[in-house]
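So that the names make sense, note that chain A is the first sequence line, chain B the second, and so on, each numbered from 1.
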Amino acid sequence: MKKLIALVLALALCLSMAAFAQADDLIKVGVVNNPPSESGYRAANVADFESVFTAENGYEMSPYYSLKNDEQLTAAQGFITDGVDVLLISAAETTGWDEVLTAAQEAGIKVYLFNRMIDVDESLYEAAVVSDMAKEGETAVNWLLDQGLEAYNVIHIQGAMGSDAQIGRTGALDAQFEAGTMKKVAQQTATWDEAEAKKIVESVINSGEDFNVIYAENDGMAKGAVAALDENGITHGVDGKVIVMGFDCNKWALKELKAGNWNYDGQCSPFQAQIISDLIKSGETPAEKKIINEEKGFDAKTITDEDIATYGLGED
Amino acid sequence: MSEKTGKARRGGLGQLLIPLIAIGLLIIFNLIRDPGFFSIETKLNNTGNTVLAGNLISIINGASELAILAMGMTLVTAACGGQDISVGAAAAIAGSVFVRIIRGAAPVTGGTVALAFLACCAVAMLFGAFNGMLVAVFRIQPMIATLILYTCGRSIAYWINGGATPTIDSAITSAIGSFIPGVPIPTPVIIVAIMALLFSLVFRFTTLELFTQSVGINQSAARLNGISPTLIKLLSFIILGICVSVAGSIGVCRLGLINHETLLIDIEMDTILAVAIGGNSLGGGKFRISGSILGAYVIQMLTITLYAMKVPSTDVKAYKAIVIVLLVVIGSPVVKRWFSGLVNRFHAGRAAAVKEVG
């Protein structure tokens with residue numbers, strides 16, 4: 001029995017050596033991310049990394065997915081022990097990463113953060129490619145102001161309170177409410193739940209209060225809101241009474257835009273892999289370590305089929 | 001004589017007293033707050049149908065999934081003396097199967113929708129049977145047994161969806177989720193009525209109700225009388241599976257989209273509450289499905305009332321909890337006994353007074 005185990009171990013060693021030898025000229029990349037099941041955004045994010053960090057592009061990528069920070073930390077430690085060249089991290093939580101990132105630096109491993117920031121000293125990573133959620137909100141609100149409506153009576157449907165996306169996308173609109181340029185008819189969180197969003201809009205309709213804008217902090221909640229409008233015979237979209245705004249740019253949502261059922265959809269770009277790949281290949285450290293991923297907002301009047309194909313997330 | 005009629009009166013309404021009082025109080029509260037709160041109007045919706053609208057319709061319509069799940073949950077509670085906490089996750093799976101099959105068919109016809117529903121029904125019954133087997137055969141506590149599906153159900157739904165939030169866009173499914181052309185009543189409400197009718201027919205023409213109660217009250221006695229507790233428990237979970245598939249399909253049709261993370265999220269707790277508010281013992285035994293349905297409407301009426309009062313939705317749960325604690329405490333055996341003692345003393349006192357006068 002012992003001999004058998006020894007044999008198997010020896011064989012495994014040989015095989016892994018062979019594997020190492022084979023992958024020698026590739027850049028070894030360890031990716032710590034949240035699992036694709038987290039959201040449509042994450043699924044696109046994971047797919048983006050899988051399509052960029054390929055063997056054809058000169059990479060050998062080993063991904064690790066978890067929603068739990070401590071599991072992510074263990075995995076990152078494992079990647080360091082394995083001797084990867086580059087470590088890419090989208091952390092579940094912002095804290096607890098000092099030790100691991102210091103170990104990576106000591107081992108000469110380059111660390112890039114993507115999608116989410118971590119609370120550590122800037123010197124511990126090469127660059128961070130992130131979305132600016134507050135800017136997403138500003139882009140959307142500026143677009144809304146450009147519509148030049150006589151009055152802005154807004155139903156604001158928020159995401160899960162305290163999440164990055166909610167805080168960022170709420171900020172710009174709250175500023176308008178405070179300045180008095182827009183009237184807050186209702187501001188409620190639906191916690192990303194489509195059905196809850198429908199109930200919120202329904203309750204405003206039943207109260208008889210007038211509104212002409214629905215600002216939903218993601219596509220699903222916008223769809224729930226529109227279902228309530230449809231049932232109550234309120235027109236919406238390009239030639240409708242109510243302006244409908246969503247976020248995330250799911251493919252189906254952009255199609256609603258194209259069909260004129262909605263008016264605006266703000267992008268939250270999951271495409272960070274190419275930017276990071278370019279940084280790795282160039283070998284340069286950017287002057288400003290925090291790189292804001294450029295994000296668009298789409299207008300129903302100007303969106304094209306090409307936009308939908310390029311920027312739409314998920315299935316049709 | 002008077003004692004007898006008193007008992008009969010209490011037996012007739014008894015269990016339904018609490019949910020009915022709750023509904024009554026909510027109605028009075030809302031009418032004081034806003035006399036027009038329950039007014040119903042007809043509107044022309046965006047698909048060109050004349051439909052009913054208003055807060056009352058929102059309440060009855062919005063509680064549909066909850067009411068359907070509460071029916072099945074009542075049966076499981078009665079037979080097993082425990083609750084299934086996986087109904088939300090199971091509904092996400094059922095909804096995913098439903099969407100998957102509809103998306104697979106190019107032109108969506110009535111046939112494909114029926115097929116999709118049958119498939120999702122079969123899957124939900126299978127998961128129900130799995131839960132039921134753990135409970136009935138392996139004698140695992142229902143809450144522990146269903147914790148398994150509660151934990152992994154939404155991941156399974158994700159796996160069926162293949163990632164994103166797939167959408168369905170067809171006239172038939174949106175008719176199921178909102179209104180059938182020419183019918184002013186929301187379709188989910190009609191489905192609740194059909195389900196309630198089916199349950200009452202089953203109870204009328206089979207011995208299911210009696211057998212379930214006897215298993216719930218005393219398992220050994222039921223077995224000695226030739227009733228198989230294993231079979232009855234298993235059956236209750238499979239019937240709950242049917243309810244889950246109906247609720248899941250309605251939820252998906254309402255929005256035309258399946259999001260495995262949010263579909264009927266946290267509904268398991270509301271479902272158990274509906275059963276409890278309906279005056280059913282969570283320890284099993286005697287039950288009334290009508291109580292649970294009323295319980296579901298109480299919960300929904302409470303939610304809509306809070307929304308109408310513009311209570312921030314983050315606080316809604318806290319307010320709901322306060323009201324529910326009150327309802328459950330009022331319905332508890334201790335308070336009931338105290339209350340009936342009070343009533344008896346009042347009657348005795350009056351009788352004595354009458355005697356003295358006589």
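Within residues 177-187 of chain B, the residues having any heavy atom less than 4.5 Å from a heavy atom of chain A are, in residue-number order, B:G177, B:S178, B:F179. Of residues 168-176 of chain A, no residue lies under 4.5 Å from chain B by any heavy-atom pair. For residues 40-65 of chain B, a heavy-atom distance under 4.5 Å to chain A picks out B:K43, B:L44, B:N45, B:N46, B:V51, B:A53, B:G54, B:N55, B:S58, B:N61, given by residue number.
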Residues 313-322 of chain B side chain polar contacts: donor-acceptor under 3.5 Å, at least two apart:
residue : atom : partner : partner atom : Å
B:S313  : OG   : A:Q188  : OE1          : 3.0
B:S313  : OG   : A:T189  : N            : 2.9
B:S313  : OG   : A:T189  : O            : 2.6

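Tested against A:Y215, the residues A:F247, A:W262, A:Y264 include a single ring pair (Phe, Tyr, Trp, His ring centres under 6.0 Å) partner, A:F247.
At a threshold of 4.0 Å, the pair A:K198-A:E202 counts as salt-bridged, since one of the basic side-chain nitrogens sits closer than that to a carboxylate oxygen. Using a 4.0 Å cut-off between a side-chain N of Lys or Arg and a carboxylate O of Asp or Glu, A:E256 and A:K223 qualify as a salt bridge. For A:D164 and A:R116, the salt-bridge test fails: no basic side-chain N is under 4.0 Å from an acidic carboxylate O.
Scanning all heavy atoms of the two residues, the minimum distance from B:G248 to B:L263 falls at O-CD2, 4.3 Å. The shortest heavy-atom contact between B:A119 and B:I101 is CB-CD1, 3.2 Å. Minimum interatomic distance between B:I168 and B:R103 (heavy atoms only, all atoms of both residues): CG2-CG, 3.9 Å. Closest approach of A:A91 and A:N34 over heavy atoms only: O-ND2, 4.3 Å.
In terms of non-hydrogen atom pairs under 4.5 Å with chain B, the most contact-rich of A:P36, A:G224, A:A190, A:A47 is A:P36. Considering only heavy-atom pairs separated by less than 4.5 Å from chain B, the leading option among A:V204, A:N206, A:D193 is A:N206. Most heavy-atom pairs under 4.5 Å with chain B: of the set A:T191, A:V46, A:D230, this distinction falls to A:D230. No other option in B:T303, B:L255, B:L264, B:I304 has as many heavy-atom pairs under 4.5 Å with chain A as B:L255.
Shown here is A:K68, whose NZ atom has no more than 12 heavy atoms of other residues, nucleotides or ligands within 6.0 Å. Heavy-atom contacts from other residues, nucleotides or ligands closer than 6.0 Å to NZ of A:K296 number 12 or fewer.
Between the side chain of A:Q72 and the main chain of A:A92, a donor-acceptor pair closer than 3.5 Å is present.
In this structure, A:K241 satisfies the cation-pi test against A:F211, with its NZ or CZ atom closer than 6.0 Å to the six-membered ring centre and inside 45 degrees of the ring normal.
In this structure, CD1 in B:I156 is found 12.0 Å from CZ in B:R154, a value given to the nearest 0.5 Å.
Looking at A:D248 and A:Y41, their side chains never come closer than 4.5 Å, going by heavy atoms from C-beta outward.
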